Number of protein chains: 2
Amino acid sequence: MLEDRLLIIKKESCFFYEGDELKGIFFIYKGKVKVHKKWGEDKELIVRFAGEGDIVGHRGLGKQNIYPVSATTLEATSACFIDLNLFETSLKVNYDLMHKLLMFYAEELQDSEKNMRNLAHMPVKGRVAYSLLNLKAKFGVTKEGYINISLSRQDLASFAGTTYETTFRVLSELSNEGLISFEGKEIVILNDKNLAKVFD
Amino acid sequence: MLEDRLLIIKKESCFFYEGDELKGIFFIYKGKVKVHKKWGEDKELIVRFAGEGDIVGHRGLGKQNIYPVSATTLEATSACFIDLNLFETSLKVNYDLMHKLLMFYAEELQDSEKNMRNLAHMPVKGRVAYSLLNLKAKFGVTKEGYINISLSRQDLASFAGTTYETTFRVLSELSNEGLISFEGKEIVILNDKNLAKVFD
DNA sequence: CGCAATGTTGAACAAGGTCAACTGTGGTGG
DNA sequence: CCACCACAGTTGACCTTGTTCAACATTGCG
């Protein structure tokens, strides 16, 4: 029963698009996903990342049943698709689930608004630093100390709300200052405290 | 019983501050309120406006019981304060309330993320235009056609995520283009459709 | 070996923020 | 009644930030 809703999604594939009709939500068993929003043809903003145990697609709930964002896997991902009806029914039946979801939304909203303020007022360097610390907090580090998510520069840029090139320069800067170090996509934060001082 | 929780708040006063301990939420009977977040000493971003029938302070729900935003009246306002315990209890008892709240959060989250993307990628002129249309949609217009909220330039700037002076220039520009007209704080949108074309 | 994709850097440019001056307007006291 | 001041409204000039574009380097892979 459950099995026929279990999806295996390969790396770098978009499993729902901004504007699509809302069919249901996804529960991530394994893998990592970016949730993003387009602007024009070639610009996007990554709104959030989701990993193991997170849900994706819930943002579509509300008046118009349309996904307001797209979701794309960053690595091979397995997820459970939960039909909208089933989900709504579960909510009706399970008070606790609904309450958890409510709290989850509340947290997300706080996050989102902090990000808004950052985009409006924080300079790029701060935003990149903030993004890195965010990623570390969410995904942790590997045993070698690298942030446990392998992200293209472009994705990092889209997350920080800036361009590829600028992200690049900022990253070298931070590296020169001894706050981080990296080889390709693998990034280590050497000094959390001082990295946090870049903003704030 | 209800009366002792009814508050009359005079114009331009902040009734809770970002960082305050969360005591409860406010239900606005009458008046208008801005919900804002500080950056540094002198910069702020207005995250949302609330009017009659809206609730304020719910953003504090979540892990740490702290208001993540401040709330300040724009006009004389009457509001009902609902103690956090009472509110939580009501949620437990009233399935429908909880569901409505959930949907409300979902909408807010969508809004917030649209705003994030706009801040990241939309130029200032577009953001101001977007803000004006937003305000019109939320508060409607007076019989003379003015947007039914009287906002200082500074507040409009903080809502659009820009500076006082820039807002000013953009407003004159829009006025020259025949899209809006204004006398002091009172603004009319002359051409919704073309104003929307400024962004998008 | 060569080509494509991605990484790296420099330079020019544009948007918007900052600062400061100027204008008008409405008190306030002589 | 007018001179003066305080203060928001208004505008100009400049400067910083970050984007854009384009060149060049490096890597990986057929």
Side-chain angles (χ1 to χ4, degrees), chain A residues 11-12 38-46 74 115-132 146 149-177 180-188 198-199, chain B residues 11-12 38-46 74 115-132 146 150-177 180-187 198-199:
Chain A
K11 192 175 168 168
E12 287 296 335
K38 281 205 312 178
W39 176 251
E41 271 318 302
D42 45 0
K43 287 181 185 176
E44 68 168 11
L45 181 73
I46 294 178
L74 296 169
N115 282 331
M116 260 178 77
R117 187 206 51 191
N118 292 351
L119 283 167
H121 295 308
M122 192 187 275
V124 169
K125 189 172 174 184
R127 296 209 302 271
V128 172
Y130 185 83
S131 300
L132 290 175
Y146 293 116
I149 182 175
S150 173
L151 217 50
S152 74
R153 292 291 135 85
Q154 182 55 65
D155 280 344
L156 186 54
S158 299
F159 189 43
T162 180
T163 56
Y164 182 90
E165 292 95 324
T166 299
T167 305
F168 196 87
R169 291 178 230 263
V170 169
L171 244 33
S172 333
E173 230 180 294
L174 292 173
S175 169
N176 287 336
E177 292 166 12
I180 65 170
S181 90
F182 55 91
E183 315 172 23
K185 295 181 174 184
E186 312 308 315
I187 301 181
V188 198
V198 170
F199 52 97
Chain B
K11 193 176 167 167
E12 286 296 333
K38 281 204 312 179
W39 176 250
E41 270 320 299
D42 45 1
K43 288 182 184 175
E44 68 168 13
L45 181 74
I46 295 178
L74 295 169
N115 281 331
M116 260 177 77
R117 187 206 49 191
N118 292 351
L119 283 167
H121 295 308
M122 192 188 274
V124 169
K125 190 172 174 185
R127 296 209 303 271
V128 172
Y130 185 83
S131 301
L132 290 174
Y146 292 115
S150 174
L151 218 48
S152 76
R153 293 288 136 88
Q154 181 56 65
D155 280 343
L156 186 54
S158 299
F159 189 43
T162 181
T163 56
Y164 183 90
E165 292 94 325
T166 300
T167 305
F168 198 88
R169 290 178 232 263
V170 169
L171 246 33
S172 333
E173 229 180 295
L174 293 174
S175 169
N176 287 336
E177 292 165 13
I180 65 169
S181 90
F182 55 89
E183 314 172 25
K185 296 181 174 185
E186 312 306 316
I187 301 180
V198 171
F199 51 98

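Below, chains carry the letters A, B, ... as their sequence lines are ordered, and counting in each starts from 1. Just so it is clear, the model here is predicted, and its values are computed rather than measured.
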Separation of C:dG16 atom P from A:L119 atom CG, nearest Å, is 15 Å
Whole-Å distance, A:Q154 CD to C:dA5 P, equals 15 Å
ask   = Which part of the nucleic acid does A:K185 contact within heavy-atom distance under 4.0 Å: base, sugar-phosphate only, or nothing?
value = nothing
Task: side-chain contact (heavy atoms from CB on, under 4.5 Å) between B:E44 and B:D155, worked out - done: CA-CA 9 Å; B:E44 68 168 13; B:D155 280 343; 4.0 Å; yes
Q) So what does B:T162 touch, heavy atoms closer than 4.0 Å: a base, only the sugar-phosphate, or nothing? A) sugar-phosphate
Sorted by number, residues from residues 120-130 of chain B placing a heavy atom under 4.0 Å from DNA chain D are none
CG of B:L151 to CD1 of B:I46, rounded to nearest 0.5 Å, is 6.0 Å
A:L151 CG to C:dG7 C1', in whole Å, measures 16 Å
On a heavy-atom basis, the closest approach of A:Y164 and A:A157 is N-CB, 3.7 Å
query: Side chain of B:R153, backbone of B:G184: donor and acceptor closer than 3.5 Å?
result: yes
note: B:N118, atom CG; C:dG16, atom P; distance rounded to Å ~ 13 Å
To the nearest angstrom, the CD-P distance between A:E165 and C:dA12 comes to 17 Å
| request: Would you classify A:Y164 as touching base, sugar-phosphate or nothing, given that sugar-phosphate means primed atoms plus P, OP1 and OP2, and contacts are heavy atoms under 4.0 Å? | output: base
Separation of D:dT10 atom C1' from B:R153 atom CZ, nearest Å, is 10 Å
Please check the phosphate of D:dT19 (OP1 and OP2 only) for any side-chain N or O of A:T163 closer than 4.0 Å.
-> yes
Report task. Determine: side-chain N/O of A:T166 to OP1/OP2 of D:dG18, distance under 4.0 Å, yes or no. Result -> no
Nearest heavy-atom approach of A:A160 to A:V128 is CB-CG2, 4.0 Å
Please classify the nucleic acid contact of A:R169 as base, sugar-phosphate, or nothing, using heavy-atom distances under 4.0 Å. base
Output for pair (A:T162 OG1, A:R127 CZ), nearest 0.5 Å, gives 6.0 Å
Rounded to whole Å, CZ of B:F168 lies from P of D:dG9 at a distance of 8 Å
Tightest non-hydrogen contact, residues A:S175 and A:F182, listed as CB-CE2, 3.8 Å
Here the distance between atom P of D:dG9 and atom CD of B:E186, to the nearest Å, is 12 Å
